Amino acid sequence: MSLIFSILMILLRVIELLLIFKSHSIRVTFGEVVGFSVFEDFNWILYFLGLLFILHVINSLLSISFAKRFTQVWLVIALLVQTALVLYFLKTLLPLGKDLFAYNIDDIILTVRSSGQLNFMTIGGGIILSAILFFAFNLANKHLNFKTKTSIAFTIALYWFLIFLYFVPLGESDILNEVKANIQLNKSKYLSEEAFDYFMYKNEYYFDFYLRSLDDALFIKKEYTDPSYPFLHKADYPDVLSPYFDSLTSAPDIVFVLIESLGKAYSGKDAYLGSFTPFLDSLESHSLVWTNAISSTGRTFGILPGLFAGLPYGERGFQELFEDFPHHQSLISVLNGNGYESSFFIGSDVSFDHQKEFLQYAGVSQLIDIHRFDPKYKKMPPANGFTWGYGDKEIFSNGLSFFPKNDGNPQLGIFQTITSHDPYLVPEREYYSEKFENHLDSYLNLSEAKKPEYREYQDIYMTILYADDAVKDFITSYSKNPKFANTIFVFTGDHRLPDIPMSSRIDRFHVPLIIYSPLIKRPTYFKGMISHFEVTPSILSFLQSQIGIQVPEEEVWMGQVLDTSRIFQSKIAMPLMRNKNQLMEYVNGEYILSDDQLFVISDGLNIDPIEDQVLKNKLTGEFEDFKNKNNYTIQTRKLLPVN
């Protein structure tokens, strides 16, 4: 049975590699990954079979028949799990790890349904595959009965093969190419290691942190005031935006547009895949644009706490603390306290990822989601009967029937799109299919030889084109409102989508950040590295300077202020959360620590590995200090004192 299992696992690896190279444009060759991939698989196969062998021997003492059935069941489960993990990887190019344990069963089912994978074909296929595997193992039991000498020969040959693989050079590890490293992983081994780490160490907390400023080179020197509240500080956040605006005569309306999966790789100036957002590109010449902006998380769950409150992550993202939020303030709550009315618009269920609870805590006065759309609007095309909700054009059109209000109060509006999300089913498919081809020709000027790489991801790129058109329609309609002249728009993405291969470990976080307004007098491109954490402190300082709003004397903002440098520099310090449960990156200045490897960051957020043990120790210490503060907040809920 072990021999059959090993053969099937290696066969599954070959199929995995063939499908990856067929489905994705990867800048590595089959030969570059196959050697280490097979070695990884043998490593996992022997480890798994070794554990199963111990159980098999114990069970055999009770009943040989039971032992065989028990072993068969676990071999079949292992093959089904590996198959499912391979299918997940083919879709995302990311291995499934401890982020699996960050979602409840309802969210997992919803996510699987949205991808179109939960249907009669996949369920039926799983049942048929299980039956075939049981049949194969039964045949093995009946007909593959080896003599002792043959078994010993198999074992010796296998171990010599492993020794050969171990000592034969497989090439240097390409630590810059995350996609290559992920392909080579055995997906079951990776998940088991992540699961072990999650369940063994999840309740270990250390509260030995230090109330000190991180670095004098950062923009803001924070004075931490109370060891019982480790993020609480006093700070002077300077107004960096006023030099680029006309003087305000009244409180401006502020509109945020959060575009699902909008990565810098395919939007705006110097997008290395070419830009698929022509309208947003046209706005850049009238805007303040940060070309080196990052999100705080690699998934949507972090956009609201990061952008609007600069909050720590908790264990699985701040919103997962919804049952008992630590007291905190946000851009929404501070503006509400200064006479603003706030509204939030989304086309899906706002309860997903507990966004609803976060927004309600912030005091959003008007919340419009999938349940409050006029019947005239149509939902997005379904995948196997499931749809996330309404497309981006419908979100903006429906939202404009509620916003902005004309009751004399300044307005804060937040629009969050959804169409550019798996399963990437664009409305008006024929129109956008033609537009996609025209875009490759007339906007990107691609050669015929280059076009196939983009056609592999046509469905994804079409949703980005659609989202851009939705923004165009929104701004065109909004510009007819008299309040447009006194409105500030902020456009950004929640993360870069992983389905198109990423160029580096920081690429998943690299997003556009555009501030557009008729009030801007000096449109400018900035190269200073910034994050979503810097947006709220900067806007509040701007409004305090311009119209005298009241801001808190003590804050817990983790950010600095938006860097308006015209040359590349980085004066921020922050951790990054890839997925829920995966706090694996830490940035300080122009350096990033990722998976215990140190890199230097340059313009365009390119990264290069460096060897500097002193600097690595410094960043590691700061990262651990943050984790300890973060864990303390989880346990005590002490973030901001209640006045």
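For clarity, every value in this text was computed on a predicted model and none was experimentally measured.
Of the residues listed (R566, E284, K269), the one engaging Y525 in a side-chain hydrogen bond (donor to acceptor under 3.5 Å, both in side chains) is E284, and it is the only one. Between K527 and the choices N292, T291, D603, the side-chain hydrogen bond (donor to acceptor under 3.5 Å, both in side chains) rule is met once, by D603. Considering F491, Y516, F415, F279 as possible partners of F474, the one that fulfils the ring-ring contact (aromatic ring centres under 6.0 Å, His included) test is F415.
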Are V257 and F396 close enough, and set up right, to give a side-chain contact (heavy atoms from CB on, under 4.5 Å), and what steps lead you there?
-> CA-CA 10 Å; V257 178; F396 289 122; 3.7 Å; yes
With side-chain contact (heavy atoms from CB on, under 4.5 Å) as the test, would you mind laying out the steps for I294 and L605 before giving the verdict?
-> CA-CA 9 Å; I294 57 175; L605 299 192; 3.4 Å; yes
Decide side-chain contact (heavy atoms from CB on, under 4.5 Å) for F89 and N182; before the verdict, give the C-alpha distance in whole Å, the side-chain angles of both, and the deciding distance to 0.1 Å.
-> CA-CA 9 Å; F89 185 80; N182 287 339; 3.6 Å; yes
Decide yes or no on side-chain contact (heavy atoms from CB on, under 4.5 Å) for I601 and N606, but give the supporting numbers first.
-> CA-CA 6 Å; I601 309 169; N606 298 304; over 6 Å; no
Go through the steps to decide whether T277 and S267 satisfy the test side chain to side chain donor-acceptor pair (under 3.5 Å), and finish with yes or no.
-> CA-CA 5 Å; T277 55; S267 177; 2.8 Å; yes
Could you walk me through whether N617 and Q613 pass the side chain to side chain donor-acceptor pair (under 3.5 Å) check?
-> CA-CA 6 Å; N617 291 342; Q613 193 60 47; 2.9 Å; yes
E260/T419 under side chain to side chain donor-acceptor pair (under 3.5 Å): CA gap, chis, key distance, verdict | CA-CA 7 Å; E260 173 66 38; T419 304; over 6 Å; no
Show your reasoning for whether ring pair (Phe, Tyr, Trp, His ring centres under 6.0 Å) applies to F526 and Y244.
-> CA-CA 12 Å; F526 304 113; Y244 302 93; 5.2 Å; yes
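The six-membered or imidazole ring of F345 lies away from that of Y390, with a centre-to-centre distance of 6.0 Å or more. Here the two rings, on F276 and Y461, have centers that are under 6.0 Å apart.
In terms of heavy-atom proximity, Y237 sits nearest to P537 at CD2-CB, 3.6 Å. For the residue pair L465 and P278, the shortest heavy atom distance occurs at CD2-CD, 4.3 Å. Taking both residues in full, the closest heavy atoms of G314 and I634 are given as C-CD1, 3.4 Å, listed atom of the first, atom of the second, then distance. Of all the heavy atoms in L425 and P381, the pair that sits closest is CD1-O, 3.6 Å.
At a threshold of 4.0 Å, the pair R578-D595 counts as salt-bridged, since one of the basic side-chain nitrogens sits closer than that to a carboxylate oxygen. Salt bridge K91/D499: absent, no basic N to carboxylate O contact under 4.0 Å. The pair D625-K629 meets the salt-bridge criterion, with a side-chain N (NZ, NE, NH1 or NH2) lying under 4.0 Å from an Asp/Glu carboxylate O. Salt bridge present: E320 and K580 bring a charged side-chain N and a carboxylate O closer than 4.0 Å. Ionic pairing of K393 and E428 is present here: one or more N-O contacts between side-chain nitrogen and carboxylate oxygen are shorter than 4.0 angstrom. A salt bridge between D494 and R299 is absent, with no side-chain N of the basic residue lying under 4.0 Å from a carboxylate O of the acidic one. Salt bridge absent: E437 and K451 never bring a charged side-chain N and a carboxylate O closer than 4.0 Å. Salt-bridge formation is detected for the pair K616/D596: a Lys NZ or Arg NE/NH1/NH2 atom is positioned less than 4.0 Å from an Asp or Glu carboxylate oxygen.
The aromatic rings of F352 and W388 sit perpendicular, their planes meeting at an angle over 60°, well past the 30° parallel limit. Aromatic ring orientation, F256 versus F308: perpendicular (interplanar angle above 60°, classes split at 30° and 60°). Aromatic ring orientation, F318 versus H328: perpendicular (interplanar angle above 60°, classes split at 30° and 60°).
At distances below 3.5 Å, at least one donor-acceptor pair connects side-chain atoms of D281 with backbone N or O atoms of G268. For the pair T492 (side chain) and P512 (backbone), a donor-acceptor distance under 3.5 Å is present. Judged purely by atom type and a 3.5 angstrom limit, Q416 has no side-chain atom pairing as donor or acceptor with the backbone of I346. Between the side chain of D468 and the main chain of I464, no donor-acceptor pair closer than 3.5 Å is present. No donor-acceptor pair closer than 3.5 Å links the side chain of Y454 to the backbone N or O of L446. When atom types are taken as modelled, the side chain of S570 and the backbone of G589 share a donor-acceptor pair closer than 3.5 angstrom. Distance alone, capped at 3.5 Å, is enough to place a donor-acceptor pair between the D507 side chain and the S503 backbone. In this structure a side-chain-to-backbone donor-acceptor pair under 3.5 Å is present from T387 to M380. With K222 contributing its side chain and W557 its backbone, the two residues share a donor-acceptor pair below 3.5 Å. The backbone N or O of L307 sits less than 3.5 Å from a side-chain atom of T536, completing a donor-acceptor pair.
Residues S287 and I515 are not in side-chain contact: their nearest non-hydrogen atoms beyond the backbone lie 4.5 Å or more apart. L280 is not listed as a side-chain neighbour of K472, based on a closest heavy-atom distance of 4.5 Å or more. The shortest distance between side-chain heavy atoms of L94 and M502 falls below 4.5 Å. Using a 4.5 Å heavy-atom threshold, the side chains of V490 and V255 count as separate. I607 is not listed as a side-chain neighbour of Y591, based on a closest heavy-atom distance of 4.5 Å or more. Within the 4.5 Å cutoff, side-chain heavy atoms of M558 are placed close to those of F626. Between F509 and H495 there is no side-chain heavy-atom pair separated by less than 4.5 Å.
Using a 3.5 Å distance cut-off with no hydrogens or angles, the side chains of S37 and E40 do not pair a donor with an acceptor. Residues Q82 and E16 have side chains that never bring a donor and an acceptor to within less than 3.5 angstrom of each other. No side-chain donor from either of Y443 and N438 sits under 3.5 Å from a side-chain acceptor of the other. Counted by atom type alone, E456 and S23 present zero donor-acceptor pairs between their side chains at under 3.5 Å.
Taking CD1 of I592 as the start and CG of L576 as the end, the distance is 5.5 Å to the nearest 0.5 Å. One distance of note links CD1 of I506 with CE of M529; it measures 4.0 Å at 0.5 Å rounding. Rounding to the nearest 0.5 angstrom, the gap separating the OG atom in S295 from the CZ atom in R496 is 12.0 Å. If you take CZ on R455 and NZ on K450, they are separated by 13.5 Å, rounding to the nearest 0.5 Å. Rounded to the nearest 0.5 Å, atoms CZ (R508) and CG (L497) are 11.5 Å apart.
Annotation: cation-pi pair K264/Y266 absent, no NZ/CZ under 6.0 Å from the ring centroid and within 45° of its normal. Under the 6.0 Å distance and 45° angle rule, K187 does not count as a cation-pi partner of Y88.
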